[in-house]
Asks: 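Dumping the structure here so I can ask a few things about it.
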Amino acid sequence: MVARMSIVFLVLVAGVCTVRGQGCSTPYDILSTEATLSIAKQAVDAAGLQDTLDDPELDATIFIPNNAAFTLFLEQADGTAEDLLAFPGLADILKYHVHIVAHNISDINEGDNLDTLQGDEIFVQFKKDNDPKYAGCGGAHLHLSTFGSSPSDPLTCDIQACKSVIHIVDYPMLPNDEAIEEAFPNIEIRSSNSVEEGDDHDHDHDDDDHNDAAGASSAASYLKHTVVAVVMAAAFIF
């Protein structure tokens, strides 16, 4: 189902490419024609970034949260779309989604630090293959770790937008700005965007936590039985 939706999305984007005289669609064209990106388009308009994203010469990697991503954020923040659009730091949040060189998803690797138009970096946590949710990205599963407590994971990738490349992500990317916490008290802004072992990034990864816990329990059980066996053997010998 996810793969089919990704194909439909890419076909719609391909149709947009014939609209402009240059024969390509800018990032703003795609925002303006794709219904699932309507909140992102409203945010760009409210922040006054239309001209930046409507430039066919823009050479950038742009991570765009879809409507479901913004809805999840607003639910967690106990806020509304109107609160988001009126937030004074909205332009900085959006600029944090723009890496200043165009990259396909295959060019982004674990451990990369991606500099952004806003100034803060995005840290690429890890890549995992064969997860059907990320079929639109060739099976690549990247955690894009930001200063928010939830990572952003690309869902649909490598959408050509003139000289830029768009990747649709499942959660907004939050820069190092304490004003976000003041405007949305339920949202935590961390002091670092690098992921420390044991950090709880919880919007989609409960299965990973469960598997890690099961593995730890199994290892503890194995160690316990091994110690018992060694003690019994020693008692028999002596």
Side-chain angles (χ1 to χ4, degrees), residues 27-28 30-32 34-55 58 60-100 112-125 142-156 161 164 166-196 198-206:
Y28 190 73
I30 293 173
L31 285 175
S32 300
E34 174 51 43
T36 62
L37 304 179
S38 61
I39 298 178
K41 196 264 185 184
Q42 293 175 45
V44 168
D45 290 345
L49 297 176
Q50 302 97 316
D51 290 344
T52 299
L53 295 185
D54 202 31
D55 182 0
L58 178 65
T61 303
I62 306 173
F63 301 100
I64 301 182
N66 59 18
N67 289 352
F70 277 114
T71 299
L72 175 60
F73 167 78
L74 292 171
E75 288 176 353
Q76 293 178 346
D78 194 22
T80 66
E82 289 73 21
D83 295 331
L84 177 66
L85 297 178
F87 176 56
L90 178 59
D92 283 338
I93 292 179
L94 296 179
K95 289 178 181 178
Y96 188 55
H97 290 72
V98 181
H99 172 52
I100 55 177
D112 285 351
N113 285 289
L114 308 179
D115 47 4
T116 68
L117 196 60
Q118 178 267 348
D120 292 332
E121 292 183 333
I122 300 163
F123 178 69
V124 182
Q125 181 183 352
L142 297 179
H143 281 331
L144 302 174
S145 185
T146 70
F147 292 88
S149 58
S150 293
S152 297
D153 298 345
L155 298 173
T156 305
S164 294
I166 291 173
H167 308 301
I168 308 302
V169 296
D170 66 352
Y171 197 80
M173 306 168 77
L174 303 179
N176 188 12
D177 185 352
E178 293 181 356
I180 296 173
E181 282 188 326
E182 296 174 3
F184 305 98
N186 291 346
I187 297 299
E188 176 189 358
I189 298 299
R190 303 177 303 156
S191 60
S192 172
N193 68 340
S194 62
V195 177
E196 301 293 338
D199 275 2
D200 182 17
H201 281 200
D202 61 357
H203 83 253
D204 192 292
H205 314 297
D206 292 339

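Excluded from the calculations below are hydrogen atoms, water molecules and symmetry mates; all remaining heavy atoms, backbone and side chain alike, are included.
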Asks: Which residues pass the side-chain hydrogen bond (donor to acceptor under 3.5 Å, both in side chains) test with Asp115, sequence neighbours left out?
Replies: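 If we apply the side-chain hydrogen bond (donor to acceptor under 3.5 Å, both in side chains) test to Asp115, skipping adjacent residues, the hits are His99.
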Asks: Which value, rounded to the nearest 0.5 Å, describes the distance between Leu94 atom CG and Thr52 atom OG1?
Replies: 10.5 Å
Asks: Nearest 0.5 angstrom please: Thr71 OG1 to Gln76 CD, how far?
Replies: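 Rounded to the nearest 0.5 Å, the OG1-CD separation comes out at 11.5 Å.
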Asks: State, to 0.1 Å, how close Pro65 and Pro172 come at their nearest heavy-atom pair, and which atoms those are.
Replies: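 Looking at all heavy atoms of both residues, the closest pair is CG-CA, 3.8 Å.
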Asks: Rounded to the nearest 0.5 Å, what separates atom OG in Ser192 from atom CZ in Phe147?
Replies: 6.5 Å
Asks: Heavy atoms, side chains only, cut-off 4.5 Å: are Ile180 and Ile93 in contact?
Replies: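 A side-chain contact under 4.5 Å exists here.
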Asks: Of the non-hydrogen atoms in Val98 and Ala60, which two are nearest, and what is the gap between them?
Replies: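 Shortest heavy-atom separation between Val98 and Ala60 comes out as CG1-CB, 3.8 Å.
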Asks: Looking at residues at least two apart in the chain, or sitting in another chain, which of them share a ring pair (Phe, Tyr, Trp, His ring centres under 6.0 Å) with Tyr96?
Replies: none
Asks: At what distance, to the nearest 0.5 angstrom, does OG1 of Thr36 lie from CD1 of Ile64?
Replies: 9.5 Å
Asks: Would you say that more than 12 heavy atoms from the other residues, nucleotides or ligands in this model lie under 6.0 Å from the CG of Asp83, or not?
Replies: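 Above 12, so yes.
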Asks: Minimum heavy-atom separation for Pro27 to Ile62, with atom names?
Replies: CG-CD1, 3.5 Å
Asks: Could you give me the CA-CA distance, side-chain angles and deciding distance for Leu142 and Gln125, then say whether side-chain contact (heavy atoms from CB on, under 4.5 Å) is met?
Replies: CA-CA 7 Å; Leu142 297 179; Gln125 181 183 352; over 6 Å; no
Asks: Does atom CG of Asn186 have more than 12 heavy-atom neighbours, drawn from other residues, nucleotides or ligands, at distances under 6.0 Å?
Replies: yes
Asks: List for me each residue that meets ring pair (Phe, Tyr, Trp, His ring centres under 6.0 Å) alongside His97, sequence neighbours excluded, and say none if there are none.
Replies: none
Asks: Of the non-hydrogen atoms in Leu74 and Ala81, which two are nearest, and what is the gap between them?
Replies: CD1-N, 3.6 Å
Asks: So, do Leu144 and Pro151 sit near enough that their side-chain heavy atoms are less than 4.5 Å apart?
Replies: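 No. Closest side-chain heavy atoms not under 4.5 Å.
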Asks: To the nearest 0.5 Å, what is the distance between OG on Ser38 and CZ on Phe70?
Replies: 10.0 Å
Asks: Side-chain donor-acceptor pair under 3.5 Å between Ser152 and Asp170, yes or no?
Replies: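 Their side chains do not contain a donor-acceptor pair, so the 3.5 Å distance test is not met.
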Asks: Checking Gln118 now: which residues fulfil side-chain hydrogen bond (donor to acceptor under 3.5 Å, both in side chains) with it, not counting sequence neighbours?
Replies: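 Gln118: side-chain hydrogen bond (donor to acceptor under 3.5 Å, both in side chains) contacts with Asp120.
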Asks: Partners of Asp92 by side-chain hydrogen bond (donor to acceptor under 3.5 Å, both in side chains), sequence neighbours excluded?
Replies: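 None.
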Asks: What are the two closest non-hydrogen atoms of Ala40 and Asn67, and how far apart are they?
Replies: N-OD1, 4.5 Å
Asks: Can you name the side-chain hydrogen bond (donor to acceptor under 3.5 Å, both in side chains) partners of Glu82, sequence neighbours left out?
Replies: Thr80
Asks: By side chain to side chain contact (heavy atoms under 4.5 Å, CB included), which residues pair with Asp112, not counting sequence neighbours?
Replies: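 Side chain to side chain contact (heavy atoms under 4.5 Å, CB included) check on Asp112 returns Ile108, Asn109, Leu114, Val124.
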Asks: Is any side-chain heavy atom of Asn193 closer than 4.5 Å to one of Asn176?
Replies: no
Asks: Below 4.5 Å, heavy atoms only, C-beta onward: do Ile30 and Ile166 meet side chain to side chain?
Replies: yes
Asks: Could you tell me whether the side chain of Thr156 and the main chain of Ile168 form a donor-acceptor pair under 3.5 Å?
Replies: no
Asks: I'd like to know if the side chain of Thr146 and the backbone of Met173 have a donor-acceptor N/O pair within less than 3.5 Å.
Replies: no
Asks: Can you list everything that forms a salt bridge (Lys or Arg N to Asp or Glu O under 4.0 Å) with Asp45? Sequence neighbours excluded, please.
Replies: Lys41
Asks: Are side-chain heavy atoms of Thr116 and Ile122 found at a separation under 4.5 Å?
Replies: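 Of all side-chain heavy-atom pairs linking Ile122 with Thr116, at least one is under 4.5 Å.
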Asks: Quick one, Leu53 and Val44 - any side-chain contact, counting heavy atoms below 4.5 Å?
Replies: yes
Asks: Working to the nearest 0.5 Å, report the span between OG of Ser149 and CG of Leu174.
Replies: 8.0 Å
Asks: For Ala183, which residues count as a side chain to side chain contact (heavy atoms under 4.5 Å, CB included) partner, sequence neighbours excluded?
Replies: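 If we apply the side chain to side chain contact (heavy atoms under 4.5 Å, CB included) test to Ala183, skipping adjacent residues, the hits are Phe87.
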Asks: Does some side-chain heavy atom of Asp153 sit less than 4.5 Å from a side-chain heavy atom of His143?
Replies: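 Yes, at least one pair of side-chain atoms sits under 4.5 Å.
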Asks: With a 3.5 Å distance limit and no angle check, can you tell me whether Glu181 reaches the backbone of Ile189 through a side-chain donor-acceptor pair?
Replies: yes
Asks: List in chain and number order the residues that pass ring pair (Phe, Tyr, Trp, His ring centres under 6.0 Å) with Phe73, two or more places apart in sequence or in another chain; answer none if no residue qualifies.
Replies: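 Expected list: Phe184.
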